Amino acid sequence: MSMWEAEEKVARGLAGVVAAVTRISHIDGEKGELSYCGYDATELARNSSFEEVCYLLLHDELPNARQLAAFKQQMLDNRQISPALLELLRNLPGAPKPMDALRTAVSSMSATDSSPSDVSRSANMRRAIRIISQMPTIVATHWRLRQGEKPIDPDPSLGHAANFIYMLFGRAPRDIEARFTDMAMILMAEHGLNASTFAARVTAATLADIYAAFTTAIGTLAGPLHGSANAEAMKMLLEIGSPDKVESYIRGQLMAGKRIMGFGHRVYKTGDPRAMLLREVLATMDGEVGNPRWLSMAMEVEDQAHRQKGLYPNVDFYCAPTLYSLGFPMELFTPLFACSRSVGWAAHILEQYDDNRVIRPDAVYKGAPRRSYIPCEERK
Ligand code: ACO
């Protein structure tokens, strides 16, 4: 095969390449459907809780009441970060961004692992639950320290999402705020072989430990074409300012060859069901909870992006005004996404360990032809 023929076979961005068999989630990009272990993700978001979805993704089945109570207790028992981790967050050099602090903190958790040589499935499951439970505490603690405020201990009487809000803002959220945050977290919990999950699997496939795989995933999610698109989408809405400016703004961006953040998707061809549900959530915001002004703006952007370039919104687009309306600072949008996706990462890392082979694709070489080494002194 000539180099040119081989190059034609390259799947740029691995598009269309099937790289794993999974039991965790399924995306039907044509129908715009996402399911977790067979259950429609939007149905789960409407009816269940983040903890219940965590159990499902980690154990393949929804828990019964006894199993759910035990699982919630396990998460509660693991929420508190160690004194060493608190010290690390206090002493991080410079002023790292929240995602950078989260990445460093999760990486450091390996140092306090009580049985590092135990690589059994049950030990990795325990580690996964410890990391998932502590990520919101890490994010909230770092955020408060950064604002010059005292960190707040987790409140065991609150659910995972409500406790996150409490640790960030120092007030128990209203039920509806906790519910909307919980819904957003469920919708972002898992999404097949997206970039960060795939990166986590590549790391796990070398049999590096779960902390290394999580660290890889957090670093990958931070990119603007992946998990940071939500903050970028909000910046765009703020920059546009009002619905009457949308049409010219989108036209200008597209003509300049720029991307509309929160739009487009590798897999969904007819729309992202998570975006649709978050649009519905945004529509229920009435000023008492959230800010209703963002719905009309966001819908106008959706309309124009579709008219002008046939683009559909992805989860990041409607997540942005939803979280903004709920009072989350933009810098925390991606860390909140990471806390949600931690479950999907964990499920995939465990699945990779269960049936492992190193992930090692090929590349077509297009560099210089084979040649001889010339000593430095003889080079021109
Ligand atoms: N704005 C403008 N044009 C776009 C966008 C966009 N948001 N997304 C895709 N396109 C266009 C590309 O310019 C390209 O057009 P062309 O054929 O005329 O050159 C075509 O659509 C295909 O784009 P690709 O980059 O090849 O699509 P790919 O599947 O590789 O990328 C991605 C998917 C990264 C999500 C892309 O749509 C994008 O950059 N979106 C903006 C960032 C974003 O929202 N990321 C979040 C993704 S979801 C998530 O991570 C949770």
Side-chain angles (χ1 to χ4, degrees), residues 10-17 27 29-30 32 34 97-100 103 184 187-188 191-199 217-279 282 294-325 328-338 340-341 344:
V10 172
R12 287 193 71 232
L14 298 186
V17 172
I27 304 166
E30 293 301 329
L34 168 64
K97 290 186 275 190
M99 280 299 278
D100 299 347
R103 191 190 60 226
L187 291 173
M188 291 188 285
H191 209 234
L193 291 192
N194 60 88
S196 55
T197 303
F198 184 61
I218 296 168
T220 307
L221 188 77
L225 294 188
H226 191 10
S228 282
N230 51 19
E232 297 302 320
M234 195 63 227
K235 284 184 205 155
M236 172 179 74
L237 289 174
L238 288 165
E239 196 184 327
I240 298 174
S242 61
D244 57 302
K245 302 207 176 94
V246 169
E247 199 256 328
S248 59
Y249 179 93
I250 298 294
R251 192 167 305 285
Q253 291 294 106
L254 291 175
M255 275 171 58
K258 292 192 183 153
R259 300 218 158 196
I260 313 297
M261 285 303 175
F263 281 82
H265 203 276
R266 175 65 64 75
V267 187
Y268 293 116
K269 300 300 167 215
T270 54
D272 180 336
R274 304 167 298 172
M276 307 303 136
L277 182 51
L278 288 171
R279 186 176 57 197
L282 198 60
W294 297 112
L295 180 68
S296 52
M297 278 277 290
M299 285 181 68
E300 187 59 25
V301 174
E302 180 180 352
D303 186 47
Q304 288 299 329
H306 191 252
R307 272 173 205 262
Q308 296 185 31
K309 183 126 190 175
L311 294 167
Y312 291 98
N314 59 51
V315 67
D316 280 334
F317 182 64
Y318 276 102
C319 198
T322 303
L323 297 181
Y324 192 80
S325 292
F328 286 96
M330 279 190 286
E331 282 167 289
L332 293 183
F333 288 7
T334 313
L336 180 85
F337 190 168
S340 318
R341 186 55 58 82

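Position 1 is the first residue of the sequence; numbering continues from there. Here the structure is a predicted model, which means the values were calculated and not measured.
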Any side-chain heavy atom of [X] sitting closer than 4.5 Å to one from [Y]?
X	Y	value
Thr334	Pro98	no
Glu300	Tyr249	no
Met236	Val301	yes
Tyr324	Leu237	no
Phe337	Ser228	no
Tyr268	Ile27	yes

* What pairs with Arg307 under salt bridge (charged side-chain N to carboxylate O under 4.0 Å, His left out), at least two apart in sequence or on another chain? ->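 Arg307 satisfies salt bridge (charged side-chain N to carboxylate O under 4.0 Å, His left out) with Asp303 only.
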* Not counting sequence neighbours, which residues clear salt bridge (charged side-chain N to carboxylate O under 4.0 Å, His left out) with Arg266? List them please. =>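 Arg266 satisfies salt bridge (charged side-chain N to carboxylate O under 4.0 Å, His left out) with no other residue.
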* Asked: Taking atom CD of Glu239 and atom CD of Gln253, what is their separation to the nearest 0.5 Å?
  ->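 Glu239 CD to Gln253 CD: 6.5 Å, rounded to 0.5 Å.
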* Which value, rounded to the nearest 0.5 Å, describes the distance between Lys97 atom NZ and Leu332 atom CG? ->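 Here the interatomic distance stands at 13.5 Å.
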Using every non-hydrogen atom in the two residues, find where [X] and [Y] come nearest and quote the distance to one decimal.
X	Y	answer
Gly271	Met276	CA-CE, 4.3 Å
Met234	Phe333	CB-CE2, 3.7 Å
Ala233	Met261	CB-O, 3.7 Å

* Show your working on side-chain contact (heavy atoms from CB on, under 4.5 Å) between Phe198 and Thr220 and close with a plain yes or no. => CA-CA 9 Å; Phe198 184 61; Thr220 307; over 6 Å; no
* Counterpart residues, side chain to side chain contact (heavy atoms under 4.5 Å, CB included), relative to Asn194 (two or more places apart) ->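 In terms of side chain to side chain contact (heavy atoms under 4.5 Å, CB included), with neighbours along the sequence ignored, Asn194 is linked to His191, Ser196, Thr197, His226, Arg341.
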* To do: Identify, with sequence neighbours excluded, every residue that meets side chain to side chain contact (heavy atoms under 4.5 Å, CB included) alongside Gln308.
  =>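 Residues passing side chain to side chain contact (heavy atoms under 4.5 Å, CB included) with Gln308: Glu247, Ile250, Arg251, Leu254, Gln304.
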* With sequence neighbours left out, write down each residue that passes side-chain hydrogen bond (donor to acceptor under 3.5 Å, both in side chains) with Lys235, or none if nothing qualifies. =>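 In terms of side-chain hydrogen bond (donor to acceptor under 3.5 Å, both in side chains), with neighbours along the sequence ignored, Lys235 is linked to Glu232.
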Using distance only, find each side-chain donor-acceptor pair of residues 314-323 under 3.5 Å and give its atom names and separation, not counting sequence neighbours.
residue: Asn314; atom: OD1; partner: Asp316; partner atom: N; Å: 3.0
residue: Asn314; atom: ND2; partner: Gly262; partner atom: O; Å: 3.4
residue: Asn314; atom: ND2; partner: Gly264; partner atom: O; Å: 2.9
residue: Tyr318; atom: OH; partner: Glu302; partner atom: OE1; Å: 2.6
residue: Thr322; atom: OG1; partner: Tyr318; partner atom: O; Å: 2.6

* **Whether over 12 other heavy atoms sit under 6.0 Å from Lys258 NZ** =>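 Result for NZ/Lys258: open.
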* Can you list the steps and then say if Asp272 with Phe263 is a side-chain contact (heavy atoms from CB on, under 4.5 Å)? -> CA-CA 10 Å; Asp272 180 336; Phe263 281 82; over 6 Å; no
